[in-house]
Structure formats: structure tokens, C-alpha cells
**Q** 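Dropping a structure here in C-alpha cells format, bear with me for questions.
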Amino acid sequence: MSIQLSEQEQIRRASLTKLRELGIEPYPAAKFPVNTLTKDIKDNFEEGKEVILAGRIMSRRIMGKASFAELKDSSGRIQIYINRDEICPDEDKTLYNEVFKKLLDIGDFIGVKGVLFTTQVGEQSVKIKEISVLSKALKPLPIVKTDDEGKVHDAFSDPELRYRQRYVDLVVNDHVKDIFIKRTKLFNAMRQFFNDKGYLEVETPILQAIPGGAAAKPFITHHNALDIPLYMRIANELYLKRLIVGGFDGVYEFSKNFRNEGMDRTHNPEFTAMEIYVSYKDYHWMMEFTENLLEFCATQVNGTTKAKFGNHEIDFKAPYKRVTMRQAIIDHTGFDIDGKSEEELRKACLDMGIEVDDSMGKGKLIDELFGEKCEGNYIQPTFIIDYPKEMSPLCKQHRDNPELTERFELMICGKEVANAYSELNDPIDQRERFEEQLKLSEKGDDEAMFIDNDFIRALEYGMPPTSGLGIGMDRLIMFLTNNQSIQEVLFFPQMKPEKKAVELSENARKIFISFSGKKQYSIEMVKNSLEISNKAIDKANKELTSKKIVRFNKEELVYEFI
RNA sequence: GACUUGGUAGCUCAGCUGGUAGAGCAUUUCACUUUUAAUGAAGGGGUCCUGGGUUCGAAUCCCAGCCAGGUCACCA
């Protein structure tokens, strides 16, 4: 809560005024004729070439009548050289002595015209002929320095500040931008892969009357005109399937989903999934499709199929191993779930020290077993296939085993990255599955799925055999950029609101500063100790009252701090 | 939700068993026409997260709260 501006902010505001007094507009309206990016300069360095570029001053080294500074634009940084007599050829040296040396600061945007040259120590630089102010920064940037060995000093590293003020993070921490460029590359790569195959990118509702397609707690909102509750989508699956019913062969959507659940290193309340549905395919086809997709994406993003994640090196090169869930459990526990009853499974879980409760059915027990004992062991991309039916209410029954479904999940470093089915298109089976979900929710499972009757009606008109795939985009980009936290791959991760800084007028602030140490103050006290007019005192007191900083005590005729 | 670590100058951080608040960078003034973590000299800058308590005295100890990170639990 900064009631007052810091010293540095005050100085910058004073510089702003002085610039205007010198006839220099610190926020000019006209376009600036940039013709080069710093990256182009470095890639095609040509001694003596004239360039016009613009960017932010990131550091300054002033040496009397000549200075060096670092200019940063969208493509990188370059050193500029400013010589007093080059930019001020006439008698008047104000532009250098006052404007550049005194009134400009780190963080300001400037535009420059100059010629390329190499310094005595071999640094490619721009010798400035003309300089213009493009935008004055009123807050000082954190100063991050890098030495000869590339070691970073005083990094801007406080996660709270970095996430709340991502704009600052992006300015001073160059590597942060790369993560987000890769993120966009990933989306573009997927779009290209799908579009090349003729699949159609679509948009489906984010506000849904029935939040379907996944088991999760939704955010709820209200539509005033219709006077009904609406939910932010937790998934878009059921809408994409309606489009398959409608006759599209392949549809996909990058879907911002919203789940009203806990937040941690791998969960943000809003996150992005990609879902794709292709008709006349099954989950075997989809596995091949998925491994080819990921191999393509990894190559597009990183230029290689290999990616480092923590201590692991992952290889996205297809094909990936396929392991049935039954086999996975046998491999890691020695226990065979095949043909076991609910009681036998519960006992097995208990024997292995896994917490279970009565609301858990067979499927949930198997899922726990897998989650506890197996999941973490799959480092390289691995398809886990054939999940129990109870856990997968939208998935087609396995062609060989009625207790299983035709489902796979892709595990990487023990985390689920993708989930896919041979989609359930039997409307009668689908209704029964939904009803089983209803029973589960009555049994205490608070995130079993709702019944979506319109979706069943759509299936009753007939949906071709279809396979669908969902990919957690945030998770995937974490793997491709070696980030352990989802916050690092979202521009603006969710945060609790900052405490509001109390902004006060000058007089209100004076009163606050003078008397906030006491519990209360009277108008007389203000009159006696501060030189403020009666009218101004009244105004300031009203302000403090309306901001609920003080309240007026009618009995004692004093203002009390709340 | 539980446990745990942290919150001190614009930024990064020190601050011992309680005794007038510290450094580096940034900033201000001065010097310096090829520096690059520029350099040299001098100065300014603080609601020590907030509120209580203990104490002659609290950045420091205790309690409560706020915010953030980590671990765990929950969780498509």
C-alpha cells in the first residue's frame, strides 16, 4: 500500500514535466518509421549501414560526452552508442546533456536513427545520429544484469511479482518470452497437422446449461434475460460429438475449460484442452494419429523430438509403447485385476496400503490402484489402454471384454497428457451409463456426470463410429519447455486479488499520516496542527469516511479510525 | 484443506541470543568521448506485510490474519 510515490517515481514525473518544458512530447502521437529489428541487424550486419529502430532503454553507461546504452525491441537487444557531438552538431547540447543524460531513464521507449559500426572490443553497435522520445516510463524497471560468463545477477525472480506483473517479467526476463512463443508454435503446429488432413476447426459454447463431457465441479453463473443458471464449460466433448452427428468427418477445437477446483503446480482454474473427433476411426487409429501428431509438434516447437523435463529426457519420436491397464498393474504390483470382484479389489488395495472407501466401485478401485502404484513409472510417452467401464461413461465398450472400454491415456513423466476413446455411439448404452453415474453421485461421488438428454437425443439420430482425443495443452507445453509449473506457461495465471492500495487525496493523506497513530481525532485537532482550510478539512473527512478509513462518532464529535 | 518456508529501499538480498535499519544494483550530484555487471567520489531513499501481545525497548520473541512459493491431500 503505497500512499506516496517512491523517490524514483517522483523524479521520473519531474523529468516528464521538464521534457514538455523543452518542447518534447513524451507520448507523441505520430508513427515512428522503424525499418529494422535488432535481430535483423545482428543477422545481416553491414558496417556503415543506416538504420531506424525503436525500443526500450535497458541499461546505460554514461562516460561524459559519450555513452553506451542497450536498446531492446521485440526481437532482441542491441548496443547503441551516443556521442554528444553526433546528436548535437550545433552549439546547443541540450539534447545530449539534458534530455539523454538526465531526463531519459531505463525503461523509456526511444526511436533512433544511426549507422552500424563495431566497437573497439568488437561489439556490433549502432552509432546514433538522431534520437526521439517515444514513451516515458514512470516506474523503474527491475535491473537485471548479465556478466561476461552469462551469469545473471539480481534476477527478477519473486514469483508473486512475476505473475502479477507479467508485463514486467516479459520485459526484463528475456527467456520468458520464448516459452510463450513456443506455446503459440505448438498451437500452430497442431492446427497445421489437422488442417492438412482436412479436419475443421470449430467453436462450441463456453456457457452451457448442462456442464458435460467430464467429471468436475463447474463455475456457475446466471443469465439475467433467460433467468436460468449457466455453467462455464468443463469440457466441450459433447458438443463436438453433436457436430459429428451433424455430418462433419473431423472437427477439433482448442477449448478454454473452467473447473472450480483446487489450484497447484499443475492446475489452474481455467486451462486449455484440444479435442478432436474423427468419424469412422477407432482408438487404435487414434493412437497412431496421436504419436505422429506429437512427434510433429515437438519437432515444430523445439526442432527435435527430444525434450528435457527436470532430470528426464523425453523422446516424442513415434511409435509409443502400448500397455494395457491390467498389464501395468501386474507389472508394478504383481496383482491381476482380471475377473476380480469388487470385494477382492478392495482387499487388494487395502493390502497395498491404498486408502479406499465404500463409495468406490470396481472401476474407481482399479483407477486408485493404477494411480498409486503404476502411473508414476511411465516416463517416456506411453499409451495406457483398456480402462474399466465404470470410469469411462462416454467410451465404447471394449470389443473383446464387456468390463473394459476402448480408451487410452498418454502418460509422460507419470502425468496424463492425452485421453482418447472409441466414442460410445450406442444411445441406449449411453443412457444406462449416465444412469450409473447418477447412482454414483447418490452414493457420494460429487463429481459424477449430469445426464444430458439432448446429447442422447443426438445419438439416437445416429452417430457414426468415431474416435476422439483430448490433449491438455498446458501440460504438453510444460513438457516441451521444461517447466514444472503451469503458471510458467500461462501469461496470466490465476492469483488472489492484491490488497487494494488506499489512494488518498493530499489533505486526506495528511490527516491520515498525522493521526492514524491515534485511535481518533477531532476537527479541532486537525485545525490546530495542519494548515488546511475548514472546507478542505470537511472534504478530506468525507473522503476518509466514504473510503471506510474513519467513522464519525456523533456522541463525542470525533473521527475514529476503523 | 493440512503441513512448511518466506514477505526488510524501485529490484535482489543480509540483519546473531531483543538495544537508533544494512549491502549491491537502481536513483541524485560531480568527473569521465569506444564502454559492456563501465569506472571513481559524494548524497538521498524504509508503514521492516497487517493487527494484537510480551517487554523499559520488537524487523527480531508469541498469537491471529493477509499474500506468495513448496510438499501432501483433493482433482479430468
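Here the structure is a predicted model, which is why all the values come from computation and not from measurement. Chain letters run A, B, ... following the sequence lines, proteins first, then strands; residues in each count from 1.
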**Q** Per the atom types in the model, does the base of B:U35 pair as donor or acceptor with the side chain of A:Gln79 at under 3.5 Å?
**A** yes
**Q** Using a heavy-atom cut-off of under 4.0 Å over every strand shown, decide if A:Arg407 touches base, sugar-phosphate, or nothing.
**A** base
**Q** If the threshold is 4.0 Å, N to carboxylate O, is there a salt bridge linking A:Lys39 and A:Asp73?
**A** no
**Q** Considering only the C1' atoms, how many Å lie between B:U20 and B:C56, rounded to the nearest integer?
**A**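 Their C1' atoms lie roughly 15 Å apart.
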**Q** Hey, is the side chain of A:Lys496 poking within less than 4.0 Å of OP1 or OP2 on B:C67, counting only N and O atoms?
**A**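 It does, given that an N or O in the side chain of A:Lys496 lies less than 4.0 Å from OP1 or OP2 of B:C67.
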**Q** Between B:U17 and B:C61, how far apart are the C1' atoms? Round to whole Å, please.
**A** 11 Å
**Q** Is there a Watson-Crick or G-U wobble partner for B:A38 with both distances under 3.5 Å, and if so, which one is it?
**A** none
**Q** Whether A:Arg407 engages the ring of A:Tyr387 as a cation-pi pair (distance to the six-membered ring centre under 6.0 angstrom, angle to the ring normal within 45°) should be assessed.
**A**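 Positive - A:Arg407 is close enough to the ring of A:Tyr387 and near enough to its axis.
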**Q** What integer distance in Å separates A:Lys139:NZ from B:G10:C1'?
**A** 9 Å
**Q** Without swapping roles, check the side chain of A:Thr17 against the backbone of A:Ser15 for a donor-acceptor pair under 3.5 Å.
**A** no
**Q** Does B:A9 have OP1 or OP2 under 4.0 Å away from a side-chain N or O of A:Gln8?
**A**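 No.
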**Q** Would you mind pulling out the nucleotide paired to B:C48, Watson-Crick or G-U wobble, both distances under 3.5 Å?
**A** none
**Q** From the list B:U33, B:C11, B:G70, which nucleotide is the closest neighbour of the side chain of A:Leu161?
**A**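 Nucleotide nearest to A:Leu161's side chain: B:C11.
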**Q** Around A:Lys113, counting heavy atoms of other residues, nucleotides and ligands shown, do more than 12 lie under 6.0 Å from its NZ?
**A**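 For A:Lys113, atom NZ is not crowded (no more than 12 foreign heavy atoms under 6.0 Å).
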**Q** Taking the basic N atoms (NZ, or NE/NH1/NH2) and the acidic carboxylate oxygens, is any pair closer than 4.0 Å for A:Arg164 and A:Glu160?
**A**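 A salt bridge is present here (some side-chain N lies under 4.0 Å from a carboxylate O).
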**Q** Verify the contact: side-chain N or O of A:Arg265 to OP1 or OP2 of B:G69, cut-off strictly under 4.0 Å; return yes or no.
**A** no
**Q** Establish, from distance only, whether the side-chain atoms of A:Gln397 and A:Arg433 form a donor-acceptor pair under 3.5 Å.
**A** no
**Q** May I have the distance from A:Met58 (atom CE) to B:A38 (atom P), rounded to whole angstrom?
**A** 12 Å
**Q** Distance between the P atoms of B:A21 and B:U60, in whole angstroms?
**A**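 About 13 Å, rounded to a whole number of Å.
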**Q** Checking all strands, does A:Val121 fall into the base, sugar-phosphate, or nothing category for heavy-atom contacts under 4.0 angstrom?
**A** base
**Q** Mapping A:Ser157 and A:Gln487 onto RNA chain B by nearest heavy atom, which one lands closer to the 5' end?
**A**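 Going by which nucleotide is closer to the 5' end, it is A:Ser157.
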**Q** With a 3.5 angstrom cut-off on both distances, give the Watson-Crick or G-U wobble partner of B:C13, or none if there isn't one.
**A**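 Its partner is B:G22.
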**Q** Is the phosphate of B:U28 approached by A:Lys102 (side-chain N or O, under 4.0 Å from OP1 or OP2)?
**A** no
**Q** Work out how far the P atom of B:G19 is from that of B:A58, and round it to whole angstrom.
**A** 11 Å
**Q** Tell me the interatomic distance from A:Glu7, atom CD, to B:A26, atom P, rounded to whole angstroms.
**A**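 Rounded to the whole Å, the gap is 14 Å.
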**Q** Does a salt bridge link A:Arg242 with A:Asp452, judged by any charged N lying under 4.0 Å from a carboxylate O?
**A** yes
**Q** Are any of A:Arg61's side-chain N or O atoms less than 4.0 Å away from OP1 or OP2 of B:A38?
**A**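 Affirmative; the distance criterion is met.
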**Q** Determine whether the aromatic ring centres of residues A:Phe117 and A:Tyr81 are separated by less than 6.0 angstrom.
**A**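 Centroid separation for A:Tyr81 and A:Phe117: below 6.0 Å.
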**Q** Could you check which of B:A73, B:G69, B:C11 has an atom nearest any side-chain atom of A:Asp264?
**A**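 Comparing B:A73, B:G69, B:C11 against the side chain of A:Asp264, the answer is B:A73.
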**Q** On a whole-Å scale, what distance lies between the P atoms belonging to B:A23 and B:G46?
**A**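 Pairwise P distance, B:A23 against B:G46, rounds to 14 Å.
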**Q** Without decimals, in angstroms, what is the distance between A:Tyr163 OH and B:G70 C1'?
**A** 12 Å
**Q** Looking at every strand, decide which applies to A:Ile62 at a 4.0 Å heavy-atom threshold: base, sugar-phosphate, or nothing.
**A** base
**Q** How many Å lie between CG on A:Leu5 and P on B:G44, as a whole number?
**A** 21 Å
**Q** Please give the nucleotide sitting opposite B:A58 as a Watson-Crick or G-U wobble pair, both distances under 3.5 Å, or none.
**A** none
**Q** Select base, sugar-phosphate, or nothing to describe what A:Ser67 touches, counting heavy atoms under 4.0 Å on all strands.
**A**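 If one applies the 4.0 Å heavy-atom cut-off, A:Ser67 turns out to touch nothing in the nucleic acid.
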**Q** Looking only at atom C1', what distance separates B:U54 and B:U12, rounded to whole Å?
**A** 34 Å
**Q** Rounding to a whole Å, what distance do you find between A:Asp158:CG and B:G70:P?
**A** 12 Å
**Q** Can you tell me the distance, in whole Å, between the CE atom of A:Met63 and the P atom of B:A37?
**A**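 Roughly 13 Å, once rounded to whole Å.
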**Q** Rounding to the closest angstrom, what is the interatomic distance between B:G24 and B:G40 at atom P?
**A**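 Approximately 11 Å lies between the P atom of B:G24 and that of B:G40.
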**Q** Counting just side-chain N and O atoms, does A:Lys217 come under 4.0 Å of either OP1 or OP2 of B:C74?
**A**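 Indeed not, no polar side-chain atom of A:Lys217 lies that close.
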**Q** Tell me whether the OP1 or OP2 atom of B:U33 has a side-chain N or O from A:Lys65 closer than 4.0 Å.
**A** yes
**Q** How is A:Phe68 classified with respect to the nucleic acid when contacts are heavy atoms under 4.0 Å: base, sugar-phosphate, or nothing?
**A** base
**Q** Reckon A:Ala155 touches a base, only the sugar-phosphate, or nothing at all at heavy-atom distances under 4.0 Å?
**A**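 Sugar-phosphate, no base atom in range.
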**Q** Whom does B:C3 pair with, Watson-Crick or G-U wobble, provided both distances fall under 3.5 Å?
**A**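 The base-pairing partner of B:C3, which may sit in any strand shown, is B:G70.
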**Q** Under 4.0 angstrom, heavy atoms only, what part of the nucleic acid is A:Thr119 near: base, sugar-phosphate, or nothing?
**A**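 Base contact.
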**Q** Under 6.0 Å between ring centres: does that hold for A:Phe187 and A:Phe254?
**A** yes
**Q** Mind checking A:Asp148 for me? I need base, sugar-phosphate or nothing, with any heavy atom below 4.0 Å counting as a touch.
**A**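 If one applies the 4.0 Å heavy-atom cut-off, A:Asp148 turns out to touch the sugar-phosphate alone, with no base involved.
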**Q** Measure the distance from CG on A:Asn173 to C1' on B:C11 and round it to the nearest whole Å.
**A**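 After rounding, the reported distance stands at 11 Å.
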**Q** Of the listed nucleotides (B:C67, B:U27, B:G70), which one gets closest to any side-chain atom of A:Arg164?
**A**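 For A:Arg164, the side-chain atoms sit closest to B:C67.
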**Q** Could you check whether A:Gln484 gets within reach of a base, just the sugar-phosphate, or nothing at all, counting any heavy atom under 4.0 Å?
**A**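 The answer is nothing, as A:Gln484 stays clear of every strand by at least 4.0 Å.
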**Q** Strictly below 4.0 Å: does A:Arg12 bring a side-chain N or O up to OP1 or OP2 of B:G10?
**A** no
**Q** Mind checking the C1' distance from B:G1 to B:C16? Whole angstroms is fine.
**A** 37 Å
